[in-house]
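Following: one structure in structure tokens, then a few remarks.
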There are 2 protein chains.
Amino acid sequence: MSTRREAVRRALTGSSGFRSAQDLYADLRAEGSKIGLTTVYRALQSLSDAGEVDVLRTDEGEAVYRACDTENHHHHIVCRVCSAAVEIENPDVEKWAADMGAEYGFTNVTHTVEVFGTCSSCS
Amino acid sequence: MSTRREAVRRALTGSSGFRSAQDLYADLRAEGSKIGLTTVYRALQSLSDAGEVDVLRTDEGEAVYRACDTENHHHHIVCRVCSAAVEIENPDVEKWAADMGAEYGFTNVTHTVEVFGTCSSCS
DNA sequence: ACGAAAACGAAAACGGTTGTCAAAACACAA
DNA sequence: TTGTGTTTTGACAACCGTTTTCGTTTTCGT
């Protein structure tokens with residue numbers, strides 16, 4: 001694990017919500033790092049490939065990342081103002097998605113579930 | 001409703017799955033229309049604002065559109081090969097999302113739920 | 001038919017992301 | 001330590017989907 005990638009992971013772990021690559025780049029530069037934007041993207045790509053961070057897309061199509069507490073499959077409630085996120089799990093939803101897939105003859109079923117709202121401190 | 005926008009709606013209604021703006025543009029040009037890409041984007045934007053089509057983002061960040069049978073809130077099972085889609089509804093999921101939001105003090109809660117798989121004719 | 005308003009399309013601009021490539025950092029054997 | 005091959009890095013350009021701009025065309029009301 002290279003130093004740069006470690007720095008990106010640290011920056012991500014130090015934030016409570018979903019951050020974009022450019023956010024993290026700005027954070028790292030602000031704290032004096034000479035890291036390049038390309039490297040931030042590369043680090044996030046590889047952390048994501050390794051399953052160490054969760055990725056999702058905003059409505060604007062921007063990719064945002066988060067270092068999650070568990071490696072288990074789970075979902076989030078994300079504040080649309082400050083992007084803080086709470087991890088949530090629900091076996092029923094997992095089962096429902098799988099059942100739906102089976103019912104319509106779909107194989108290799110995956111799903112995305114994200115809940116958005118305004119968190120108590122932002123409202 | 002302008003002619004061009006109607007053409008885009010027709011192109012969308014004639015497909016069974018989610019299509020990107022560029023897909024629709026290609027379809028329309030292929031059938032002889034002299035429509036411009038800009039107009040396709042504009043038409044999709046306005047159809048989407050009017051709630052007449054559903055929009056979602058692929059993992060690659062591309063926006064894809066679909067003319068749905070119902071205007072009610074619903075979700076989809078989407079084939080990741082041919083992008084054919086089945087509309088699905090489930091009050092439990094709706095309730096769950098709302099409950100989760102309330103439990104963590106989030107207001108103005110919305111959610112996105114999409115199921116992906118390989119449909120029977122593509123597998 | 002006329003003028004105002006809306007729609008249109010080509011091309012440029014934009015913004016996030018990825019590719020390129022030479023320089024720098026590193027590993028490690030001699 | 002020095003040399004050599006590998007990996008990582010970052011500036012910059014390229015890419016791609018989308019939006020903006022702006023001059024032209026079409027539509028609509030009168």
Side-chain angles (χ1 to χ4, degrees), chain A residues 1-12 15 17-67 78 80 83 112 114 116, chain B residues 1-12 15 17-67 78 80 83 112 114 116:
Chain A
M1 171 75 56
S2 74
T3 309
R4 292 309 200 192
R5 193 161 118 190
E6 199 54 60
V8 171
R9 190 220 295 274
R10 212 172 15 77
L12 198 51
S15 338
F18 280 89
R19 318 293 310 281
S20 72
Q22 319 239 2
D23 286 345
L24 294 168
Y25 171 68
D27 290 352
L28 289 165
R29 298 292 288 204
E31 65 183 45
S33 168
K34 293 284 180 288
I35 198 170
L37 185 52
T38 311
T39 305
V40 175
Y41 275 106
R42 264 191 298 241
L44 289 171
Q45 180 82 49
S46 98
L47 287 169
S48 149
D49 287 349
E52 297 184 40
V53 304
D54 282 4
V55 195
L56 61 90
R57 294 262 171 188
T58 66
D59 286 346
E60 292 77 40
E62 193 178 21
V64 287
Y65 304 82
R66 179 161 197 261
V78 186
R80 65 168 67 82
S83 85
T112 69
E114 301 298 334
F116 298 93
Chain B
M1 170 77 56
S2 75
T3 310
R4 293 307 201 194
R5 192 161 117 191
E6 199 53 60
V8 171
R9 190 219 296 275
R10 210 173 15 76
L12 198 51
S15 338
F18 279 89
R19 319 291 312 281
S20 71
Q22 321 241 2
D23 286 345
L24 294 167
Y25 171 68
D27 291 351
L28 289 165
R29 299 291 288 204
E31 66 183 44
S33 168
K34 293 284 179 291
I35 197 171
L37 185 52
T38 309
T39 304
V40 176
Y41 274 107
R42 266 192 294 242
L44 289 170
Q45 180 81 50
S46 97
L47 287 169
S48 149
D49 287 349
E52 297 184 39
V53 304
D54 281 5
V55 194
L56 60 89
R57 295 265 172 185
T58 66
D59 286 347
E60 292 78 41
E62 193 178 21
V64 288
Y65 304 82
R66 179 161 198 261
V78 186
R80 66 168 67 82
S83 85
T112 70
E114 301 298 335
F116 298 93

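Residue numbers start from 1 in every chain, and the chains themselves are labelled A, B, ... in the order their sequence lines are given, proteins ahead of strands. Everything numeric in this text was worked out from a predicted model, so none of it was measured.
With hydrogens and angles ignored, no donor-acceptor pair under 3.5 angstrom links the side chain of A:Ser20 to the base of C:dG16. A donor and an acceptor atom sit less than 3.5 Å apart, one in the side chain of B:Thr38 and one in the base of C:dA11. Side-chain to base pairing of B:Arg42 with C:dG9: one donor and one acceptor N or O lie within less than 3.5 Å of each other.
In this structure, D:dT20 and C:dA11 make a Watson-Crick or G-U wobble pair, each of the two defining distances being under 3.5 angstrom.
Summarising the geometry, the separation between OH on B:Tyr25 and P on C:dG9 is reported as 9 Å, rounded to the nearest angstrom. What separates CG of B:Leu44 from P of C:dG9 is a distance of 13 Å, to the nearest Å. Rounded to a whole Å, the CG atom of B:Leu47 is 14 Å from the C1' atom of C:dA7. For the pair B:Asp23 CG and D:dT18 C1', the interatomic distance rounds to 15 Å; values are reported in whole Å. Between the NZ atom of B:Lys34 and the P atom of C:dA7 there is a distance of 22 Å, given to the nearest Å. For the pair B:Asp49 CG and D:dT19 C1', the interatomic distance rounds to 14 Å; values are reported in whole Å. A:Glu60 places its CD atom 14 Å from the C1' atom of D:dG17, with the value rounded to the nearest Å. Rounded to whole Å, the distance from CD on A:Gln45 to P on D:dT8 is 15 Å.
Note on A:Tyr41: every side-chain N or O is 4.0 Å or more away from OP1 and OP2 of C:dT18. The side chain of B:Thr39 places an N or O atom within less than 4.0 Å of a non-bridging phosphate oxygen (OP1 or OP2) of C:dG9.
In this structure the side chain of B:Gln22 reaches within 4.5 angstrom of the side chain of B:Tyr41, judged on heavy atoms. Side chains of A:Leu44 and A:Leu12 form a contact here, defined as non-hydrogen atoms less than 4.5 Å apart.
Mapped onto DNA chain C by nearest heavy atom, B:Leu37 and A:Val64 fall at different nucleotides, with B:Leu37 at the one closer to the 5' end.
Within the model, atoms CG of A:Leu28 and CG of A:Asp23 stand 11.0 Å from one another, a figure rounded to the nearest 0.5 Å.
Using a 4.0 Å heavy-atom cutoff across all strands shown, A:Gln22 reaches at least one base atom of the nucleic acid.
Side-chain atoms of B:Arg4 never come within 3.5 Å of backbone atoms of B:Val40 as a donor-acceptor pair (strictly under, hydrogens ignored).
The only member of A:Thr39, A:Asp27, A:Ile35 that meets side chain to side chain contact (heavy atoms under 4.5 Å, CB included) when paired with A:Val8 is A:Ile35.
Side-chain proximity of A:Arg4 to the nucleotides C:dT17, D:dG10, D:dT18 is greatest for D:dG10.
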